[in-house]
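One structure below.
Only heavy atoms go into these numbers, but all of them, side chains included; no hydrogens, no water, no symmetry mates.
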Amino acid sequence: MTKGFFLKLAADNIRKNARTYLPYILTCILTVAMYYIVKSLSLNPGIEQMAGSSMIAYTMYLGSQIVALFALIFLFYTNSFLTKRRRKEFSVFNILGLDKRHLSIVLGWETVYTALISLAAGLGFGMILDKVMFLLIGKVIGAEIILGFFISSKAVIETVRRFTIIFLLIWVNTICQIHVSNPIELLRSGSAGEKEPKTKWLIALLGFVCVAAGYYIAITTKNPVASILAFFIAVILVIIGTYMLFTAGSIAFLKILKNNKSYYYKTRHFISVSGMIYRMKQNAVGLANICILSTMVLVMVSSTTSMMVGMEDILKERYPTDFTVYSNEPKSEDGEKLFDQIRSLQKEQNQHITNEIQYTFLNFSAYRKGDTFEIGTDSYINMVNHIHILFFVPLSDYNSVMGENKTLNEGEILLYSEREQYDDSVLKLFGKEYKIVQKLDRFIGNGSMAANISSVQFIVVPGMNEMNEICERQKEALKGKDSASNIRQIYAFDTDAEKHEQQIFYEKMRHLIKQQNFNGYSESKAAAGVDFISLYGGFFFIGIFLGGLFVMATVLIIYYKQISEGYDDKERFEIMQKVGMSHSEVKGSIHTQVLTVFFLPLVVAGIHVAAAFPLMSRILAVLNFTNTTLYIVCTVICFLVFTVMYVLIYMLTARTYYRIVSN
């Protein structure tokens with residue numbers, strides 16, 4: 001056989017299998033385009049001209065790695081649909097004289113055609129959309145639009161390299177499947193799924209336990225420090241549990257219905273339950289994939305959208321005042337000199353101050369055991385689950401800033417808890433017991449504590465003597481380590497200046513602190529706002545981008561599922577009519593089953609999102625997003641929009657299904 005024969009046969013195979021091959025090639029093209037776009041954006045020199053450029057570039061780099069991993073897994077998965085549908089075709093070729101070596105060559109050329117088309121069209125499409133996406137990022141983060149067209153040769157080379165490896169691995173995987181089977185097995189593989197599946201009670205039980213454990217972690221994890229680690233553990237458990245429940249749990253449930261004689265032996269129930277058992281065996285993995293991808297889309301898009309819409313709330317939480325100056329000196333001449341110099345600069349620059357606060361504070365980390373806080377070494381898990389920040393302020397400063405007139409005796413404190421509530425009536429520290437005379441409902445705004453992922457206990461002590469004593473005991477406990485904290489001062493103020501004027505004043509303030517060698521530093525809400533926009537704008541872009549990628553994957557899985565079910569139901573349709581059922585009864589039964597199976601992943605995805613909500617709220621709190629109401633609204637809107645898209649996808653793919661069944 002000549003090389004031309006194999007080339008022509010490979011091209012004919014792709015053309016004759018266009019119904020299944022075309023969606024696969026389109027998916028490859030879009031995946032290549034998406035990878036190139038994100039990779040090119042991470043290398044685009046125009047990004048360097050934007051505020052927060054390093055953060056945006058790094059976000060794009062992470063996005064490119066996610067797309068690459070997704071491409072490897074998903075293209076492998078979708079190619080398995082092609083292999084499954086074509087097994088009879090492979091067996092016929094084998095019987096007609098094409099041995100497995102020749103078949104491998106044909107499949108190799110099919111892979112080459114697919115790779116060349118995908119890379120050429122994907123890179124071309126990606127280059128066209130690359131500028132559009134660059135302009136979109138600029139619009140999202142409010143950056144100045146830079147004209148010009150950029151093509152990254154490095155991104156092109158990296159895209160070709162990665163996808164060449166992926167296509168090569170797909171080809172190797174396909175020929176391995178062919179080589180381990182014989183022609184008779186391949187010929188019979190189309191009907192191999194008709195045996196009634198066995199009930200795997202252990203797997204079903206494990207699936208339920210995994211999902212329940214994931215939900216339990218999501219609902220009960222309170223400490224933001226543990227939330228991020230808990231999120232990944234919960235995600236892994238829910239993904240594993242979802243696959244087990246779809247593959248084994250659904251069949252176990254249907255078998256329970258089948259064993260219920262009074263329920264099962266009714267015409268409507270008999271047909272639907274029997275049909276669903278076979279459907280779940282053949283489509284369980286695909287349905288689980290749809291469910292997981294849908295959950296990822298909903299969680300990703302709703303959270304990133306919430307952060308983008310609620311960015312002002314996040315900025316206000318982290319920076320309660322326009323400017324903040326931290327002096328690393330306690331109440332001393334050096335500390336007061338720094339603040340006096342800042343006040344002089346305010347007058348020099350004609351800054352109109354609308355609000356200002358000044359107070360002394362001490363803060364350090366401790367881990368909680370009941371009503372006792374300790375400093376020292378302990379196991380990592382204990383530290384993660386129980387670590388707190390203790391933030392001390394003298395009563396005189398608290399009253400001055402808050403406009404209060406509270407009093408405290410020795411051994412008494414006022415307490416305000418942030419993130420994790422403190423329910424005990426006393427607080428023990430360094431062997432001394434402090435009585436909590438009042439739990440406050442508000443406290444002095446402090447952005448540095450809002451930025452800390454640990455729970456914070458704000459404590460008002462009677463005076464500086466207690467502050468000094470606690471500070472010394474803390475240093476003794478840490479044995480003079482560099483991590484020991486000192487008593488410091490803070491000066492914060494608001495102005496009525498415009499944001500660009502605030503940024504200019506901030507630069508002058510930083511220069512002053514550096515020039516005078518003051519032991520302190522400053523923060524500006526206006527300057528930080530630029531970085532926040534770049535960070536959350538990058539998250540939002542990647543969230544929408546990856547959400548679109550996952551939706552595309554969902555569409556393709558649904559399309560292939562409809563094709564697979566169409567060919568399987570075509571035979572069932574004929575058998576049911578032969579045993580006496582009318583055309584309308586058969587169609588109604590199959591339609592009900594298809595709808596049930598099709599919308600099951602969406603329902604389960606909605607349950608997953610609801611269960612993940614408490615944990616996601618706490619993770620967003622780590623990023624200073626505390627507007628739970630906005631997050632709920634964004635999640636509900638995203639679910640409704642996704643549901644509409646899901647229904648439209650069903651309506652479009654259902655046409656292919658009914659066309660196959662009708663023929």
**Message:** Ignoring hydrogens, what is the shortest heavy-atom contact between Gly126 and Ile37? Give both atom names and the distance.
**Reply:** O-CG1, 3.6 Å
**Side-chain donor/acceptor of Lys154 to backbone N/O of Lys39, under 3.5 Å** = no
**Asked** So, does Thr372 use its side chain to make a donor-acceptor pair with the main chain of Lys428 at under 3.5 Å?
**Response** no
Could you tabulate the donor-acceptor pairs under 3.5 Å formed by side-chain atoms of residues 401-408, not counting sequence neighbours?
| residue | atom | partner | partner atom | Å |
| --- | --- | --- | --- | --- |
| Glu404 | OE2 | Arg442 | NH2 | 3.3 |
| Lys406 | NZ | Gln438 | OE1 | 3.1 |

**Rounded distance (nearest 0.5 Å) linking atom CD of Gln502 with atom CG of Asp496** = 9.0 Å
**Asked** Do Ile490 and Tyr359 have side chains that get closer than 4.5 Å, going by heavy atoms?
**Response** yes
**Message:** Just checking Lys499: does its NZ atom have more than 12 heavy atoms from other residues, nucleotides or ligands closer to it than 6.0 angstrom?
**Reply:** no
**Asked** Any sub-3.5 Å donor-acceptor pair from Glu507's side-chain atoms to Ile504's backbone N or O?
**Response** no
**Asked** Can you name the ring pair (Phe, Tyr, Trp, His ring centres under 6.0 Å) partners of Tyr631, sequence neighbours left out?
**Response** Phe613
**Message:** Tell me which pairs pass ring-ring contact (aromatic ring centres under 6.0 Å, His included) where either residue lies in residues 395-422, with sequence neighbours left out.
**Reply:** Phe373-Tyr422, Tyr398-Phe443, Tyr416-Phe458
**Request:** Kindly give the heavy-atom pair with the smallest separation between Ala497 and Gln351, and that separation in Å.
**Result:** CB-OE1, 3.7 Å
**Request:** Give a yes or no on whether the backbone of Asn355 and the side-chain of Asp494 come within a donor-acceptor separation of less than 3.5 Å.
**Result:** no
**Complete:** For Tyr326 and Thr324 the tightest heavy-atom approach is CE1-CG2, 3.5 Å
**Prompt:** So how far is it from Thr305 OG1 to Ile637 CD1, rounded to the nearest 0.5 Å?
**Reply:** 9.5 Å
**Request:** For the pair Gln474 (side chain) and Cys471 (backbone), establish whether a donor and an acceptor sit closer than 3.5 Å, ignoring hydrogens and angles.
**Result:** yes
**Prompt:** How long is the gap from CD1 on Ile342 to CZ on Phe518, to the nearest 0.5 Å?
**Reply:** 7.5 Å
**Request:** Determine whether Thr304 and Met308 make a side-chain contact, defined as any pair of heavy atoms from C-beta on separated by less than 4.5 Å.
**Result:** no
**Request:** Can you measure from CD (Gln341) to CD1 (Ile513) and round to the nearest 0.5 angstrom?
**Result:** 10.5 Å
Quiz: residues 295-302 side-chain donor-acceptor pairs under 3.5 angstrom, not counting sequence neighbours:
| residue | atom | partner | partner atom | Å |
| --- | --- | --- | --- | --- |
| Thr295 | OG1 | Cys291 | O | 2.8 |
| Ser302 | OG | Leu298 | O | 2.6 |
| Ser302 | OG | Val299 | O | 3.2 |

**Prompt:** Among Asp397, Leu395, Ile413, whose side-chain contact (heavy atoms from CB on, under 4.5 Å) with Val460 holds?
**Reply:** Leu395
**Asked** Can you list the residues that meet the ring pair (Phe, Tyr, Trp, His ring centres under 6.0 Å) rule with Phe392, with sequence neighbours excluded?
**Response** Phe364
**Residues forming a salt bridge (charged side-chain N to carboxylate O under 4.0 Å, His left out) with Glu501, sequence neighbours excluded** = none
**Side-chain ion pair, Asp340 and Arg343, N-O less than 4.0 Å** = yes
**Prompt:** Going from OH on Tyr434 to CD on Glu410, what distance comes out if it is rounded to the nearest 0.5 angstrom?
**Reply:** 9.0 Å
**Request:** Classify the angle between the aromatic ring planes of Tyr491 and Phe339 as parallel (below 30°), tilted (30 to 60°) or perpendicular (above 60°).
**Result:** tilted
**CD (Gln421) with more than 12 external heavy atoms under 6.0 Å** = yes
**Contact summary for Ser327 and Leu338, nearest pair of heavy atoms** = CB-CD2, 3.9 Å
**Message:** What's the separation between atom OG in Ser417 and atom CG in Asp441, rounded to the nearest 0.5 Å?
**Reply:** 12.0 Å
**Heavy atoms of other groups near Lys508 NZ, more than 12 under 6.0 Å** = no
**Message:** Tell me whether Arg510 at atom CZ has more than 12 heavy atoms from other residues, nucleotides or ligands lying less than 6.0 Å away.
**Reply:** no
